[in-house]
Every structure is written in structure tokens, then in C-alpha cells.
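Okay, so here's the structure we're looking at.
Remember, it's a predicted structure, so these values are computed and weren't measured experimentally.
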Amino acid sequence: MGPAWYTAALTPSAAGSFAAALRTASRGARASQEEGDGLYVSRNLWVLGAVQLHTGDVADAVASFRAVAEAERHVPSADPGMFRWQPDALEAFTCAGRLDLARELLERARLLVGPAGAGSGPGSALDRAHAILLARGGAAEEASGKLHRTAAAFEQLGLPLEQARTLLALGRVERARRRQAAARAAWEAARAVFDDTGARPWQELTRERLDRAGGAGPGSPPGGPAPGTRRLTESESRLADLIQRLWPPAQGCGSRPAVKPALVPA
């Protein structure tokens with residue numbers, strides 16, 4: 001059941017609700033533990049940790065990713081390109097102030113991706129996480145430039161959700177630099193991509209950021225450069241439709257889940 005829960009958790013995290021993804025990934029990790037399936041314990045914990053990170057539960061995200069790292073020592077992934085937990089873990093460690101763990105993981109992950117993967121999806125995700133680490137270390141201008149390049153790389157790769165996530169990170173860095181107009185422009189551009197792809201939980205997160213920053217309402221034109229108008233792939237859309245029939249999103253949920261998942265790694 002671990003693989004089924006893992007697949008079921010991925011789609012709500014992009015096109016349903018973070019609360020549904022948390023519940024499903026938690027159940028998947030428990031089911032995989034009961035079945036002795038270490039690979040899918042690790043994969044379900046990855047989704048759990050990623051959603052905890054996105055919803056601001058940084059301490060729980062760090063615990064989840066440390067559990068993933070421990071599981072990976074026993075069941076290493078044969079293809080790091082198929083299992084991309086390292087960039088999310090790196091971001092969680094950075095946000096928690098564990099810069100030592102973040103730098104160590106970045107070095108190991110770069111070796112896994114290798115020079116050939118520098119311009120790939122996993123390589124670009126590491127670039128985004130590295131930029132967030134740079135910003136936390138005080139190199140905000142360098143981080144901003146890296147995030148601009150990474151967003152463009154994701155657009156070229158045809159990965160709109162990753163492009164928009166990078167624009168969200170860019171907005172945070174620009175706001176920390178007290179460049180409010182640049183931050184709003186990045187968040188507006190991110191919102192346009194999320195709206196176009198139907199990424200509902202990300203739409204909500206972005207609108208909250210714009211509301212707090214005094215940004216324009218949902219019907220206003222984007223304040224930044226026009227992003228590409230890419231859609232979820234056909235297979236992603238079919239899976240999203242299936243998962244939404246099985247697990248309809250909770251009504252009235254904000255960016256934080258109402259109930260913490262039952263599984264919290266030690």
C-alpha cells in the first residue's frame with residue numbers, strides 16, 4: 001500500500017489541498033512501516049516533510065527529513081533524479097537555522113546529481129535551495145540573481161510549478177532586501193503560473209503573501225514579467241481528477257492543516 005499512498009499524496013500537494021496531502025502521506029508512511037517497505041517509508045516521509053515545510057511547520061519538516069535521510073542510508077534510491085527530497089530538506093534545514101546540515105546535504109546532493117545534471121530539474125531544484133541558503137547566510141544579492149536564473153531554467157525545462165516555487169522564494173529574498181516592489185512582482189508572477197496550472201494550495205499560499213504585502217487582488221494583472229502559460233501534463237491532470245474524487249479537499253482550510261498528522265518522526 002505504500003506506493004499507492006505515496007502516489008495519492010503527491011497530487012493533492014500540487015492540485016488539491018496541503019491538508020489532504022499531509023493526511024495521505026502520514027498514512028502512507030505508517031502503512032509502509034507496517035509492511036517493512038523502507039523505500040516507501042522514505043518517499044511518504046518526503047511528501048510529509050515537504051508539505052510541513054510549505055505550510056510553515058519547519059521543526060516537523062526537519063524531523064521528517066532527518067528520518068528520510070536515515071532511511072536512505074538503509075535503502076538508497078537507485079536514481080536520485082526520481083526521488084528529489086534533498087532540495088526540500090535543504091530548504092527546511094536552512095529555514096530552521098541548521099546551516100551546517102544544509103551545507104553538508106548540499107555538498108552530498110551535488111555529487112549525486114553530478115555535472116551532467118546541472119541543468120536538469122533536480123539540479124535546478126538544488127540551485128533554488130542553494131540560493132535560499134545563500135540568502136540566509138547574508139548573500140542576498142547573489143541569492144536573488146541565482147533565483148532569477150533558476151526560475152528561467154525551470155521555464156525552459158517546462159516545469160511551471162517549480163518555476164513558480166522559485167518565484168515565491170525570490171519574493172521572500174527581495175522582501176528581506178527591503179525591495180517591496182520587486183517582491184510583489186515576483187509573487188504576482190508566481191500567482192499567475194499557479195493560477196494557470198490550477199495548483200490550488202499554492203494559489204492560496206501566494207494570495208496570502210500578497211495580502212500581507214498589500215499586493216493586488218486576484219483579478220489584477222501580474223506585476224512581473226509574463227510567465228509561460230504551461231499546464232499540468234495530461235497524466236498529472238488525470239491523476240488529479242482521480243485523487244480529488246477519492247479525497248475531496250477540506251472546505252475552509254487555510255495554509256496550515258487543521259490537525260497535525262498522527263505520524264511525527266523522532
Classify the ring geometry between His54 and Phe18 as parallel (under 30°), tilted (30 to 60°) or perpendicular (over 60°).
tilted
Val41 to Ala29 - nearest heavy-atom pair and separation
CG2-O, 4.0 Å
Report yes if some heavy atom in the side chain of Arg172 is under 4.5 Å from a heavy atom in the side chain of Trp187; otherwise report no.
yes
Please determine, by modelled atom types, if Arg128 and Ser124 share a side-chain donor-acceptor pair under 3.5 angstrom.
no
May I ask you to decide whether Asp211 forms a salt bridge with Arg209, counting only side-chain N to carboxylate O separations under 4.0 Å?
no
Side chain to side chain, Leu205 and Phe194, heavy atoms closer than 4.5 Å
no
Any side-chain heavy-atom pair from Trp85 and Leu105 closer than 4.5 angstrom?
yes
Whether Ser64 side chain and Asp60 backbone form a donor-acceptor pair below 3.5 Å
yes
Kindly say whether Leu22 contributes a backbone atom to a donor-acceptor pair with the side chain of Ser26 at under 3.5 angstrom?
no
Rounded to the nearest 0.5 Å, the CG atom of Leu45 sits from the OG atom of Ser32 at a distance of 8.5 Å
Can you label the angle between the Phe65 ring and the Phe93 ring as parallel, tilted or perpendicular, going by 30° and 60°?
perpendicular
Determine whether Val62 and Arg66 make a side-chain contact, defined as any pair of heavy atoms from C-beta on separated by less than 4.5 Å.
yes
Euclidean distance, Leu168 CG relative to Thr206 OG1, rounded to 0.5 Å
4.0 Å
Would you say Val113 ends up clustered with Ile132 if hydrophobic residues are merged whenever their side chains have heavy atoms under 4.5 Å apart, either directly or through other cluster members?
no
Side chain proximity check, Arg108 to Leu112, heavy atoms < 4.5 angstrom
no
Working to the nearest 0.5 angstrom, can you tell me the gap between Glu104 CD and Asp100 CG?
7.5 Å
Hey, which of Thr150, Leu147, Thr166 is the one that makes side chain to side chain contact (heavy atoms under 4.5 Å, CB included) with Asp127?
Thr150
Taking the six-membered ring of Tyr40, is NZ or CZ of Arg43 closer than 6.0 Å to its centre and within 45° of its axis?
yes
Taking side chain as C-beta onward, heavy atoms only, is Asp37 less than 4.5 Å from Pro3?
yes
Heavy-atom distance under 4.5 Å between the side chains of Asp195 and Arg207, does that happen here?
yes
List the atom of Gly49, the atom of Ala61, and the distance in Å for their closest heavy-atom pair.
O-CB, 3.5 Å
So, taking the atom named CD in Glu174 and the one named NE2 in His148, what distance separates them when rounded to the nearest 0.5 Å?
5.0 Å
Just wondering, do Gln180 and Arg184 contact through their side chains at under 4.5 Å, heavy atoms?
yes
Would you check if the side chain of Ser13 reaches a backbone N or O of Leu10 as a donor-acceptor pair within less than 3.5 Å?
yes
Is there a path of hydrophobic side-chain contacts, each under 4.5 Å between heavy atoms of I, L, V, M, F, W or Y residues, that connects Leu99 with Leu134?
no
Tell me the closest heavy-atom pair linking Pro87 and Ala129, and the distance in Å.
O-CB, 3.6 Å
Would you mind checking if Arg84 and Glu162 are paired as a salt bridge, meaning a charged N to carboxylate O distance below 4.0 Å?
no
